[in-house]
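Scroll down for the structure; my scribbles are underneath it.
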There are 2 protein chains.
Amino acid sequence: MNLTQSFSQECSDCPIRHRAVCARCESDELERLEEIKYYRSFEAGQTVMWSGDKMDFVGSVVSGIASLTQTMEDGRTQMVGLLLPSDFVGRPGRDGAAYDVVATTDLVMCCFRKKPFEELMNDTPHVAHRLLEMTLDELDAAREWMLVLGRKTAREKIASLLAIIARRDVTLNMQTGNSQVVFDLPLTREAMADYLGLTLETVSRQISALKKDKVILLEGKRHVTVPDMDRLLEEAGDDSDGGMLN
Amino acid sequence: MNLTQSFSQECSDCPIRHRAVCARCESDELERLEEIKYYRSFEAGQTVMWSGDKMDFVGSVVSGIASLTQTMEDGRTQMVGLLLPSDFVGRPGRDGAAYDVVATTDLVMCCFRKKPFEELMNDTPHVAHRLLEMTLDELDAAREWMLVLGRKTAREKIASLLAIIARRDVTLNMQTGNSQVVFDLPLTREAMADYLGLTLETVSRQISALKKDKVILLEGKRHVTVPDMDRLLEEAGDDSDGGMLN
DNA sequence: TTCCAAACTTGATCTGGGTCAAGGCCCCCG
DNA sequence: CGGGGGCCTTGACCCAGATCAAGTTTGGAA
């Protein structure tokens with residue numbers, strides 16, 4: 001498989017190769033990665049890692065969804081990051097995990113042992129550079145989400161979340177521009193509530209409202225069709241392209 | 001001045017030397033930095049940079065406070081970052097600013113021309129490494145703030161903000177542990193509201209309430225005394241040390 | 001096939017914080 | 001010294017979303 005091929009194509013065994021670290025890796029670097037690579041699987045609901053745990057690997061999501069969550073003593077929880085396939089997990093240069101990492105669905109991760117990964121990073125400027133870029137992307141996403149949490153209404157919050165999932169889906173599948181988007185919601189209402197700073201009842205009500213208003217179509221509880229992405233983005237209060245890429 | 005000295009001491013001309021980029025720089029690297037360094041001053045309220053502007057420098061705050069803000073079409077605004085003295089501004093490797101940068105008080109920044117700074121970064125692994133570390137710090141702070149925005153009550157939000165400012169003050173001045181902390185609020189009630197996802201009326205009411213309950217003492221509108229930091233942190237709902245450092 | 005529990009929906013009611021409105025304080029400028 | 005404009009406070013009222021409480025749907029295990 002040609003490793004310099006388009007960003008958009010899937011790599012058969014491990015998405016990290018082209019999406020995260022190794023878009024421009026040479027074959028000897030790939031060999032080094034290959035040596036320290038392994039896979040881990042988790043069931044839905046399993047905790048990958050507790051906040052403060054020693055974290056001896058970095059990696060990326062191959063399939064499924066993981067989330068980063070913070071919990072207060074009294075049980076209030078806030079999801080601070082959603083890890084979709086191809087997203088990177090880990091903090092090169094940091095020892096501990098900063099948040100709980102939870103498998104929201106069944107999950108497969110492609111991991112690299114951290115120590116040798118960091119050595120590779122030190123030897124290979126473009127890997128270090130790519131990591132900085134990814135971290136900046138995450139920072140942008142986090143700040144985008146601060147606007148959602150701080151200033152948007154419940155309806156706008158739901159629409160924003162649906163837009164993120166829909167857009168990622170479109171990106172991954174390289175469907176054409178503005179046609180309808182179809183996907184299965186990978187989150188329970190409760191998980192959505194924790195991500196949006198709402199209660200699960202409010203999430204349920206607002207999804208029903210969006211359905212009644214034909215912004216989305218629902219089959220069952222999870223299967224969503226977005227007939228018009230522009231309409232959804234409008235509902236999300238998005239002026240920009242959604243801040244997903246730059 | 002010995003540049004390897006403690007992180008905590010002020011450097012006479014430019015804090016970036018020891019706080020941000022150059023804690024471990026050798027003299028030739030410092031010379032290169034010196035050549036591309038310049039200062040910019042702004043008055044309170046001035047916009048340093050609009051979202052989307054081409055940003056041809058990076059830098060750090062020398063004195064005063066700047067904020068990163070996002071604004072929706074209808075005028076709702078959310079501050080997504082608070083830049084206190086010694087904080088870094090800029091996105092190495094990115095062309096545009098992602099947010100409006102506003103001088104919240106009178107502001108002095110120490111800037112480096114971006115192109116040569118990036119070259120220095122490429123030549124100097126520990127600078128690149130330090131930048132990644134700083135970006136991870138910002139990411140942690142942003143995620144910490146997501147919990148504040150999504151799940152905390154108005155009173156907890158105010159207490160959290162006061163704690164951040166108080167703690168930063170303590171860190172900068174290296175005062176002793178748990179004695180009382182005194183500082184001047186560097187933000188208007190409106191700016192606090194924009195940071196906390198509240199209205200300015202609610203901010204005012206909650207500050208009055210904290211004052212009535214002796215969590216803080218107020219002289220005038222801005223001068224704050226925190227008689228007991230632990231009490232303040234408790235009000236903030238902070239289980240941890242506040243997530244400021246790791 | 002039936003049963004059960006998890007996930008979800010919907011209704012009724014309550015409340016924290018928003019909104020609107022009316023001042024108060026204080027500094028700067030004339 | 002008096003007036004005006006930021007900035008802040010406080011009160012009265014309202015409403016989006018939380019809370020409490022039933023149900024309903026679904027899918028998998030026995």
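Here is the naming used below: chain letters follow the sequence lines, and residue numbers restart at 1 for every chain.
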Practice prompt. Using atom NZ of A:Lys152 as one end and atom P of D:dA16 as the other, report the distance to the nearest whole Å.
Written response: 18 Å
Item to complete: Round to the nearest Å and state the distance from B:Arg155 atom CZ to C:dG17 atom P.
Response: 11 Å
Discussion item. Regarding A:Leu198, tell me which of base, sugar-phosphate or nothing describes its non-hydrogen contacts under 4.0 Å with the strands shown.
Written reply: sugar-phosphate
Practice prompt. Measure from CD on B:Gln206 to P on D:dT10 and round the result to the nearest Å.
Written response: 12 Å
Practice prompt. Please determine, by modelled atom types, if B:Ser51 and B:Asp100 share a side-chain donor-acceptor pair under 3.5 angstrom.
Written response: no
Discussion item. Please check: side-chain N/O of B:Ser204 versus main-chain N/O of B:Leu200, any donor-acceptor pairing under 3.5 Å?
Written reply: no
Worksheet item: For A:Met192 and C:dA7, what is the distance between atoms CE and P respectively, to the nearest whole Å?
Response: 12 Å
Worksheet item: Under 3.5 Å, is there a donor-acceptor pair between the A:Thr77 and A:Thr69 side chains?
Response: no
Worksheet item: Just how far, in rounded Å, is P of D:dA16 from CZ of B:Arg76?
Response: 13 Å
Worksheet item: Looking across every strand, which nucleic acid part, if any, lies under 4.0 Å from B:Gly45 by heavy atom: base, sugar-phosphate, or nothing?
Response: nothing
Practice prompt. Would you mind telling me which of D:dT9, D:dT25, C:dG18 lies closest to the side-chain atoms of B:Thr199?
Written response: C:dG18
Worksheet, complete the sentence: When rounded to whole Å, the CZ to P distance for the pair B:Arg189 and C:dC26 reads 13 Å
Worksheet item: Mapping A:Lys221 and A:Gly197 onto DNA chain D by nearest heavy atom, which one lands closer to the 5' end?
Response: A:Gly197
Fill in: Residue met sooner reading DNA chain D from 5', once A:Val203 and B:Val203 are mapped to nucleotides
B:Val203
Worksheet item: Does B:Arg205 make a side-chain donor-acceptor contact with the base of D:dG11, cut-off 3.5 Å?
Response: yes
Worksheet item: So, B:Thr135 and A:Thr135: side-chain donor and acceptor under 3.5 Å apart, yes or no?
Response: no
Discussion item. Considering every strand and a 4.0 Å limit on heavy-atom distances, what is the contact class for B:Arg222: base, sugar-phosphate, or nothing?
Written reply: sugar-phosphate
Practice prompt. Test for a donor-acceptor pair under 3.5 Å between the base of D:dC20 and the side chain of A:Glu201, counting only N and O atoms.
Written response: yes
Practice prompt. Report which part of the nucleic acid A:Thr188 touches: base, sugar-phosphate, or nothing (heavy-atom distance under 4.0 Å, all strands).
Written response: sugar-phosphate
Worksheet item: Taking only side-chain nitrogens and oxygens of B:Ser208, does any of them come within less than 4.0 Å of OP1 or OP2 of D:dT10?
Response: yes
Worksheet item: Could you give the NZ-to-P distance, from B:Lys157 to C:dG18, as a whole number of Å?
Response: 7 Å
Discussion item. A quick test of your reading: do over 12 heavy atoms of other residues, nucleotides or ligands sit less than 6.0 Å from CD of A:Glu190?
Written reply: no
Worksheet entry | Integer-rounded Å distance: C:dT9 P and A:Leu200 CG | 10 Å
Worksheet, complete the sentence: Closest to the 5' end of DNA chain C, once A:Arg151 and A:Glu190 are matched to their nearest nucleotides, is A:Glu190
Discussion item. Counting the atoms with a prime plus P, OP1 and OP2 as sugar-phosphate, which does A:Ser204 contact under 4.0 Å by heavy atoms, base, sugar-phosphate, or nothing?
Written reply: base
